[in-house]
Each structure stands twice: as C-alpha cells, then as structure tokens.
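Side-chain atoms are counted along with the backbone in the values below, which use heavy atoms only and exclude waters and symmetry mates. In what follows, chains are A, B, ... by sequence order, proteins preceding strands, each numbered from 1.
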2 protein chains.
Amino acid sequence: MARIKDVAAHAGVSVATVSRVLNDNPSVTEETRDRVYAAMKELRYVPNAVARSLRTEATRTLGLIIGDILNPFFTELARGVEDEARQAGYTVIIGNADERAEEQDHYVRTLVEQRVDGLLICPTAEVTPLVEELVRTGRPLVFLDRTISGLDVPSVRADGATAIAELVAHLKSRGHRRIAFASGPATLSTGRERTEAFAAAMAEAGLDLRAEYMAAGDFREGSGRAITARLLDLPEPPEVIFFGDNLMTLGGLDEIRARGLSIPGDVAVASFDDVTWFVHVDPPITAIAQPTAEMGRTAVRLLLQGVAGRSGQSVVLPAELVVRRSCERKGA
Amino acid sequence: MARIKDVAAHAGVSVATVSRVLNDNPSVTEETRDRVYAAMKELRYVPNAVARSLRTEATRTLGLIIGDILNPFFTELARGVEDEARQAGYTVIIGNADERAEEQDHYVRTLVEQRVDGLLICPTAEVTPLVEELVRTGRPLVFLDRTISGLDVPSVRADGATAIAELVAHLKSRGHRRIAFASGPATLSTGRERTEAFAAAMAEAGLDLRAEYMAAGDFREGSGRAITARLLDLPEPPEVIFFGDNLMTLGGLDEIRARGLSIPGDVAVASFDDVTWFVHVDPPITAIAQPTAEMGRTAVRLLLQGVAGRSGQSVVLPAELVVRRSCERKGA
DNA sequence: GTCCTCCATGTAATCGATTACATCACCATA
DNA sequence: TATGGTGATGTAATCGATTACATGGAGGAC
C-alpha cells in the first residue's frame, strides 16, 4: 500500500506537508493542497491509523464490554453507544463477556493492549483483580447498566425502584397477593437493586414476601424457565411471576406454555426490561421499560468527558412501567 | 505506561530479549524468562498492540459490517462471527451500516485505515465505488448473507429456495391460494433471491402470482407494516402474507393486531427468518429458519483462509421450514 | 539597499514494538 | 592450544505517521 512518503514524492513535496494536508493544517497553500490530494487519489492512499495512533497516543477508538450479545437489552445499548460514538468520530470495539468474568477480563486485556481511548463496561460480576487495577491506572472508564460498589467509577444506569413500586401497586389493585420474583444474580448490582426494590415495594404495599417466592437466576433464558418450573410446582404456587430481565421472561413463558397454562388466568407475568415483541405475545406482557439506547448515548458522553480529562458525574435515568394485559385479575 | 524498554532495564536485559519472551521464542533461558516476567508484573506492563501492529503489519483484528444492528438476525450473525474469531485469536470490530450505503462506506474506510486483517461485509445495496476498489486491492474479504453479482468475492449465504418451495406447498395444502409476498428491496441479493424463489415456487405449485400481491419493502419494521396495510386494503386481500424477514414480519403483526384481525382466521402469516419469540406469538409463527450463527462462523473460517493467503470457496448453507400454527386453514 | 518578519515548506527525531545480524562465552574436537 | 560450532543475548534498522525546529524566499519599513 502507498505510504505517506510515496504521496510526498509523487506530489513533489515533503512528508510533513502531506501530513499537514491530512490534518487540515491551514498553513498549506491551496495549490499545494490540491497537488497532494491529487497524488493521494492517484496512489489510492489510505492513511495508516496504526502508525498515526502510535505517534499521537490516541486511537479514537472506544471499547464496550457487554454482558451478553444475545440479550436484546445489550444490543440496543450497543446501538446507542455506536450512534453517539460515531457522531463524535470514534470507532467502537464491542466485546461480549457472555456473563463470564474471565471473558470480560479477556476483553479488558485486549482492549487495553489495543490502547482504546476509553472503556465502557457492563461489569459481569463482583470486581476482578484486573478491573480493580484498571480503575487504579486512571484510564477513562465508565460502568454501564451495572455498577460495582466500592469503586469510584462514574456510571450510567436506570433506576427501576419507582417503576417496581408502581408495578407492585398495579398487581395489588388487580387483586394479586402472592407475587414471586425471579431475580437476577445477587452478584450483579442490577440483580441486587431490583430485588431490594421489590422487597421494599411489597412491604410498602403491605404484602407478604415469602422466601419460597424469591429465586435468583442468571439473567438468561434457562434459569427463567427452571425457576418458573420450581415456582409452579410449589404446593401453593404464586399468582404472579415477576421476572428480572427479558430473557428470563422468555424462559418463563416457555415453561408456562409447555404446561398448557394460561396467562394471566393461571399465572400472571411481568418483566423488568421491555422488548419489541412483548406486544405480540398473547396476552401482551406488562413490563418495565428502560431508556436503553439513551443509556448508551449518555455513557459515551460521560466517557468522552473522561477522555478529555474532565471528570463526569454518574447518571441515573428513570425506568417506567408499561401496563399491558398479562397481569389482569384472575378470570377477568 | 511502562514500555518494553522499561521492562528491559528493570530486568537487566535488552529489549530484544523482552520481545522474545513476549513472543514465546524458545531461545530464552528459563531463568531470564522468569526475571522478565517478574519485571513485567512489577511494572504492570501491557504490550502496545499498536506498536506491534505497525511493525508486523498484522492487527489480528477483523472487521464486520452488518446491515442493521437492531435486527436480531444480524445480532446472531455477529455472535457467530465473534465466537469463531475469538477462538482463532482475533478481535472483531463491528460496524453498523444501518442499511445505508454511505454508512457502509464509512466503515469500509475506517476499517481499512485501521488495517484490519480481513473484512466481512453484508453489502448494503448495489456495489459502491469504494467496495469495488476494495475488491481490486485484493484485501481479504468475504461477503456474508448477501452477495453482489459481478464481483469475484467468496461469500457465505443461506439458500432459502428449497424451504420457500416447501412453504408454498404447505400453504397450498392448507387451502390457501391468494398468497402475497412482502419482499426485501430488489437492490439486495437476498431480496431478489427470495422473490425469485417465491415466484418459482408459486409457478410450480400452479398458483397465481398477482402483481398487486408483490410488494418490496426494506427489511425493516415500518415497511412491513405499511405493506400489510396496503395489502389488507385491497378489494380482494390475500389469504396469506409471507414476509421477507423477521422485522417486516414484526411490522406486519403490528398492523394486523391494530386492525383487530385474527391470525390465521382473517389472514395467515409466514416469515422468512426465524427468531426466538415467534413461538410465543398467538398463534406461533411459521417461519423459515436460517443457520445464522453457523453462517457467521463459516464466514470467519473462510476469511481466515484468505488472510493466510489461500483462496476459499463460497459456501451455501440450507435454510429450513419450521411449521407452526400461523398458516392453518381458515377457520380451522 | 539592508534588515526584519512572516509564511510555506523541509529535515529529522520520535512513538514502541520486532527482527536480521552481530557478538560473546563456552565447550568439544583435533 | 587453536578452531569451530552452538546457544543466549545485544545492537540497531525498521514500520508510517506527527511535529518541533530549521530554512529560505518574499515583501515591507527604514
């Protein structure tokens, strides 16, 4: 491939001049500029970003490590990140941690080696030594969706507590009393927060929180299904199952469907996290919607502040309850 | 950050030796190796992939340009690509073309600047000058899902013709005669191929192909909805609408639902491309499933052959019909 | 005419790794 | 004891850009 040196020779100027043209330096004659552009075109010159990055110590690249690429929540998050980064002239490298700490660490390592200018992480579990060290190095970093307590890292997340309280009130108003929560893992901040918010909401509503109605899954389809099976096998099964994320909801629907039970007649269903197809399920699923893409965009803005050397404030965006028909009164 | 020079000084060896340790060169004493590792650890040394790439002219990075990041088909494709690339020690940079040629070109440019070792493209439309030039340069390239005729580029795609013929036969066996096809854009190979296969299948089944039942969309939700509205407003609306991809199906379902019509009673629905939630729709949607993740994995293998200098053969994987309940006989 | 300023452009060091080639110590062999 | 081979390590060029500093010519002020 043509190098800057070739372009310089072809245009009869020095490499410095070509570099100036490349970087829109105003101190180049229009005539020279034109000659250089012509030479570039003729030689099909494509600047080498690797060489440039080595010299400038900036790659104009951001790293994004998501929890699970098959989860539409993270896909939409990635979309928001992509959009905002693209607008600011950055490229995004997405790593899929597959909800495993070792995969997450693999990507942290790779992305640091690649010298990304900043890192967006949806931390997979409790802090790993590598992430801890990453924080210490002071490299621009933002936690997205999830946080890790004890680490001073700006973050962007959704607050579901208000919406969860509304949901519980909604369920109560429809005559439901026995409400189960199929939560995410307690190792994730989102898992814990939703569980706590649910417990608080139940208390506020004056409803019993039974131990056997609380089960922790892993934010994936399989655990949603398994938990649903266990709950439905209880001597006194719950009237409602509230799932901690959209994939667990999907698993739960599988199990309910497989047993030939009807929603909400036999068991009502609600989901934390909304996805497009919930309106097409029979009945449409009541869900708590997060401002997902907006979370991604916000996180990029926050991260770029860090890249610019300014420190930013964590952001919490509100989630909201979307009532559909999957939680109506029994027999209604 | 610590450089190789610092590690060398700290361990009391030359940079060459450190580099050899880094690259598992066997001609380093175990004792020296240990000293170097200790120095790396102490200095928290992370090799600079940018510098390495500049020297070795290889980035161990692949570029993937997908059509639309919100389309679960491409997400799953990306997942397959990710998995296989990761196993081979490559990092993937994903670019979202958002079904626009200019966005696609933007990513082609960026990825070539970044000197990715190979490029996987789901070409957005007819060939652009940039893509044409890319092909001429001989850089390792594989087309994924879609192809561009006239360009000699290895590709990986699914063959839907057989499955489409089966689908039409299935529809006929259920008593359907007036079948509409909401296809993708004729500018995409997948749009054209599915349309042709559908036409051929209808002919083979001895069914009429009415012009007003053939409409081209853009593989996105909105066009699926608009086409459905148009079809249902026809003096003699079709008995079945077959959608060209999962997002257009989603849009179609929206419209049908909004009109309060029942499936398959008022109109039957089938989809090219299957997604997880189709089983939860009422009724579950009959669809043609592509081996999506496998396509992604295969494409990476093919691309890596190109990277290694060997030229590979295009691959066509079979799609298959999954019969559910959305196309049963009227009133059945 | 001389000198100074300013502007466009050129020269060469630099970023952090890899690697061809050089070197040096050690040992075996004649 | 000289010779040569071998194996570990070092020296320095190199990859392709950016950029501080140098240079040289044009034009204005006196």
Query raised in the report: For A/Ser19, which contact category applies under a 4.0 Å heavy-atom criterion: base, sugar-phosphate, or nothing?
Result: base
Query raised in the report: Between A/Glu30 (CD) and C/dC7 (C1'), how many Å, whole number?
Result: 16 Å
Query raised in the report: Hey, does A/Ser27 reach any base, or is it just sugar-phosphate, or nothing, if we go heavy atoms under 4.0 Å?
Result: base
Query - A/Glu294 with A/Arg301: basic N within carboxylate O range, under 4.0 Å - result: yes
Query raised in the report: Earliest and latest nucleotide of DNA chain D, 5' to 3', sitting under 4.0 Å from a non-hydrogen atom of chain B?
Result: D/dA8 to D/dG16
Requested in this report: State plainly whether the residues A/Glu99 and A/Arg146 are in salt-bridge range, i.e. N to O under 4.0 Å.
Outcome: yes
Query - Residues A/Arg35 and A/Glu31 bridged, charged N to O under 4.0 Å - result: yes
Query raised in the report: Are the charged groups of A/Arg220 and A/Asp218 less than 4.0 angstrom apart, N to O?
Result: no
Query raised in the report: Pick the nucleotide of DNA chain C nearest each of B/Arg20 and B/Leu54; which residue has the one closer to the 5' end?
Result: B/Leu54
Report task. Look at all strands and tell whether A/Val50 reaches a base, only sugar-phosphate, or nothing, counting heavy atoms closer than 4.0 Å. Result -> nothing
Query - Presence of salt bridge, A/Arg79 and A/Glu82, under 4.0 angstrom - result: no
Query raised in the report: Which part of the nucleic acid, if any, lies within reach of B/Val18 when heavy atoms closer than 4.0 Å are counted: base, sugar-phosphate only, or nothing?
Result: nothing
**Report entry** Lys/Arg N to Asp/Glu carboxylate O, B/Asp6 vs B/Arg3, below 4.0 Å
**Finding:** yes
Report task. Would you mind telling me which residue lines up with the more 5' stretch of DNA chain D, B/Thr32 or B/Ala51, judged by nearest nucleotide? Result -> B/Thr32
